[in-house]
Amino acid sequence: MVEPLRTIGEHGIIGDLETAALVARDATIDYLCWPSLDSPTVFAALLDAENGGAFTLSPALDEPTRLQLYVPDTNVLLTRWMAEDGSAEVRDLMPLPDARVHPDRAARCLIRRVTVTRGCVRFAMRCAPRFDYAREIPSATSADRGIRFAGAGLTLRLFASVPLAVGDGAATAEFTLRAGDSAWFVLGEEALECPDEAAVVADIAATSAAWQAWTRKSTYDGRWREMMTRSALALKLLTSARHGSIAAAATFSLPEATGAGRNWDYRATWIRDASFTVYAFLRLGYVDEAEHFNRWAARRVMAADPAHPIRIMYAIDGSEAADELELAHLAGYAGSRPVRIGNAAHAQTQLDIFGELLDSVYLSNKYGHAISHEGWQHVRGIVDHVIAHWQEPDAGIWEMRGEPRHFLHSRVMCWVALDRAIRLAHQRSLPAPLVAWAEARDAIVEDVWTNFRHPDHGYFVQERGGRELDAALLMMPLVRFVSSTDPVWLKTLDAIGTELRDDGLVYRYCNADGLEGGEGAFTTCTFWYAECLARAGRIDEAQLILAKGIAYANPLGLFSEEVDRRGLALGNFPQALTHLAFVSAAYFIDRRLDPTYRPNWQP
């Protein structure tokens, strides 16, 4: 294993609801895709420190302490340096679409504004983009009072309030600021014009205000407000303002185990993850985001082949997800090769997605607008598909790359698809063959209770006729398939706690999955486990597991996909599924800890 220059957890995220950048604790922007979240990278030093490209800003301070924080209730990030001989901070952001206050500066951009807060500090700046996943070093030339980077069909412009030099595909600057002085850098698309100080300050103020206005829409007023707000803001950054789709994470190929090959691209919209995100948005009062995603999903269903009502994942714009490709020229995070873009799992069969999708449709109809006649016809088509295929094997929620198997989680979510469609039909008096639907739903129940139990211990197991456990079983009481206090379920919960838990760490499963190498604990599962404990009445245990789970966030409150045995971040980052699992667990535990607490939204 190669020690990474900057670890996964030492990052914050900024974005403009079209793409996002990671900013390391030393103020280096070492990850950015442009122009969209699933476009090729402009900076990818996180995946190859030498060749990936980065935007660095370094103060000449003696052994400074480095701190990061967000401007409260925003996605505007502050990185601070504090030393005996001086202190400074840089404010990083991307202006939001509705917060670009100057019409002549409507072009998208990234803003960095550095300010000295004490002493006199000399800085060095280097902006070295490497286009097309670092496969091309762009030309860098002086033009229009800035620097023009061009190559791979892309042009970016860099402007600054200090003199810029150019050479070797990079722009550089050295400058000195005294206490109270500021300097700014603006990197953006080709149409960007050189701003002035007033324009930069105005964009920063307008974007901060826009984020704070969005945050105020939250209806949550429980005890974990700060973490809830950060989770909501992280989920919002993964949501496309243009399309309504929701990415699973901002990154690709960050490893599930350093030095190993479990490196996947999560810059796509998984129907499963996005549907869960709708649940989180609704719980926090963000109905518009939930309805925007459901409109996006409805368009995917309407355009689908009736034989395959919906795919498991899509590109951000709704097109087919990209095929998997290895980038052999990139060294990989901590030497973790291969670096992959695209995801071969998009061709898999995962039967659980129909349950997650129809659950989100059901909830959006309950708390948002009523489903249209055409929309209901498509729901009926999905139900017909589920009835025809629920008894078949699939790749499951964890996207196993071996032979398809009969997974319990997939069975349960097929039950959810039927159950939610039946509920929706009753609530909206919609036409449907309810007797046939109910018979199929009940057949799934019978199948689960008969064929998915441990032959000796009686608790639920990962697959039909198997003996192994799976943390995805924790979803069973959360989707109301089984009572959270049913004796068989409680035995299952105890078995998961014994076999898959290492203190506050919860692993997805322990059996072979057809892939080489191990993986870390899955942070989502920690919060599923905490919520299941709370629903079972074990509130003290639940609260402790929740607290341990929160501790796996980085200092900014952002969760990675997994953590290693030391609690250090692994996998793609930030991970939507973990943030929304936290929202669900904390929301429910709020209700159990305070009998007088009355949330503004009930599932």
Side-chain angles (χ1 to χ4, degrees), residues 5-6 10-14 21-32 42-43 45-46 49-50 52-71 76-95 109-130 140 142 145-149 156-188 192 194-201 203-204 207 556:
L5 186 61
R6 302 171 191 90
E10 294 178 317
H11 288 81
I13 184 172
I14 60 173
L22 297 188
V23 185
R25 198 162 59 93
D26 65 356
T28 297
I29 296 177
D30 57 3
Y31 181 89
L32 170 64
V42 169
F43 302 123
L46 184 60
E50 183 175 350
F55 192 161
T56 61
L57 190 60
S58 306
L61 292 171
D62 185 25
E63 298 184 351
T65 296
R66 298 181 179 93
L67 301 172
Q68 279 189 314
L69 66 151
Y70 281 104
V71 174
V76 176
L77 184 65
L78 286 177
T79 303
R80 307 193 69 208
W81 302 273
M82 302 175 67
E84 289 291 339
D85 51 334
S87 61
E89 64 185 29
V90 59
R91 190 169 301 223
D92 286 309
L93 69 147
M94 292 185 189
C109 64
L110 181 156
I111 295 175
R112 316 198 74 184
R113 188 169 190 261
V114 60
T115 302
V116 169
T117 53
R118 176 168 49 83
C120 179
V121 183
R122 185 164 181 79
F123 292 88
M125 183 283 300
R126 187 171 189 265
C127 180
R130 298 295 181 258
S142 298
R145 296 183 290 167
I147 305 299
R148 182 177 184 269
F149 299 103
L156 293 177
R157 294 184 182 275
L158 175 69
F159 298 102
S161 61
V162 297
L164 297 172
V166 63
D168 298 325
T172 59
E174 293 187 356
F175 56 98
T176 300
L177 300 175
R178 297 184 181 277
D181 292 342
S182 296
W184 52 260
F185 302 88
V186 178
L187 177 69
L192 186 69
C194 184
D196 56 20
E197 173 78 10
V200 170
V201 171
D203 270 357
I204 294 173
T207 294
L556 292 168

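Residue numbers start at 1 and run along the sequence shown.
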With sequence neighbours left out, the residues meeting salt bridge (charged side-chain N to carboxylate O under 4.0 Å, His left out) with Arg122 are Glu174
Phe185 meets the ring pair (Phe, Tyr, Trp, His ring centres under 6.0 Å) criterion, sequence neighbours left out, with Phe175
Separation between SG (Cys109) and CG (Asp203), nearest 0.5 Å, reads 6.0 Å
Heavy-atom nearest pair, Val200 first then Pro195, reads CG2-CG, 4.0 Å
side-chain contact (heavy atoms from CB on, under 4.5 Å) filter on Ala27, not counting sequence neighbours, yields Thr79, Trp81, Val90, Arg112
Rounded to the nearest 0.5 Å, the NE2 atom of His11 sits from the CG atom of Asp26 at a distance of 7.5 Å
Thr172 meets the side-chain hydrogen bond (donor to acceptor under 3.5 Å, both in side chains) criterion, sequence neighbours left out, with none
Across all chains, not counting sequence neighbours, the side-chain hydrogen bond (donor to acceptor under 3.5 Å, both in side chains) partners of Ser161 are none
Contacts of Glu197 meeting salt bridge (charged side-chain N to carboxylate O under 4.0 Å, His left out) (sequence neighbours excluded), chain-then-number -> Arg113
- Query: Does a side-chain heavy-atom distance below 4.5 Å link Leu158 with Leu187?
  - Reply: yes
### Message
As a quick check of understanding, evaluate side-chain contact (heavy atoms from CB on, under 4.5 Å) for Val114 and Val121, giving each step before the final call.
### Response
CA-CA 11 Å; Val114 60; Val121 183; over 6 Å; no
Closest non-hydrogen atoms of Met125 and Cys127, given as atom of the first, atom of the second and distance, are SD-N, 3.4 Å
The reported gap from CD1 in Ile147 to CG in Leu156 (rounded to nearest 0.5 angstrom) is 12.5 Å
Residues pairing under salt bridge (charged side-chain N to carboxylate O under 4.0 Å, His left out) where one sits in residues 52-65, two or more places apart or in two chains, turn out to be none
Applying side-chain contact (heavy atoms from CB on, under 4.5 Å) to Ala21 and not counting sequence neighbours gives Ile14, Ile29, Leu32, Met94, Leu110
Rounded to the nearest 0.5 angstrom, the CG-CD distance for Leu22 and Glu10 is 12.5 Å
Hits for salt bridge (charged side-chain N to carboxylate O under 4.0 Å, His left out) against Arg130, two or more places apart or cross-chain, chain-then-number order -> none
Kindly say whether Ala83 contributes a backbone atom to a donor-acceptor pair with the side chain of Arg118 at under 3.5 angstrom?
-> yes
Scanning both residues in full, the closest heavy-atom pair of Arg6 with Ala24 reads CD-CB, 3.3 Å
Sorted by chain and residue number, the side-chain hydrogen bond (donor to acceptor under 3.5 Å, both in side chains) partners of Ser87 (sequence neighbours excluded) come out as Thr117
On a heavy-atom basis, the closest approach of Cys120 and Thr176 is SG-CG2, 3.4 Å
Across all chains, not counting sequence neighbours, the side-chain contact (heavy atoms from CB on, under 4.5 Å) partners of Leu78 are Leu69, Val71, Glu89, Arg91
CG (Asp92) and CD1 (Ile13) are apart, to the nearest 0.5 Å, by 12.5 Å
What one should report as the nearest heavy-atom pair of Pro95 and Ile111 is CG-CD1, 3.7 Å
In short, Pro163 meets Ala173 closest at the heavy-atom pair O-CB, 3.4 Å
Rounded to the nearest 0.5 Å, the CZ atom of Phe123 sits from the CG atom of Leu57 at a distance of 6.5 Å
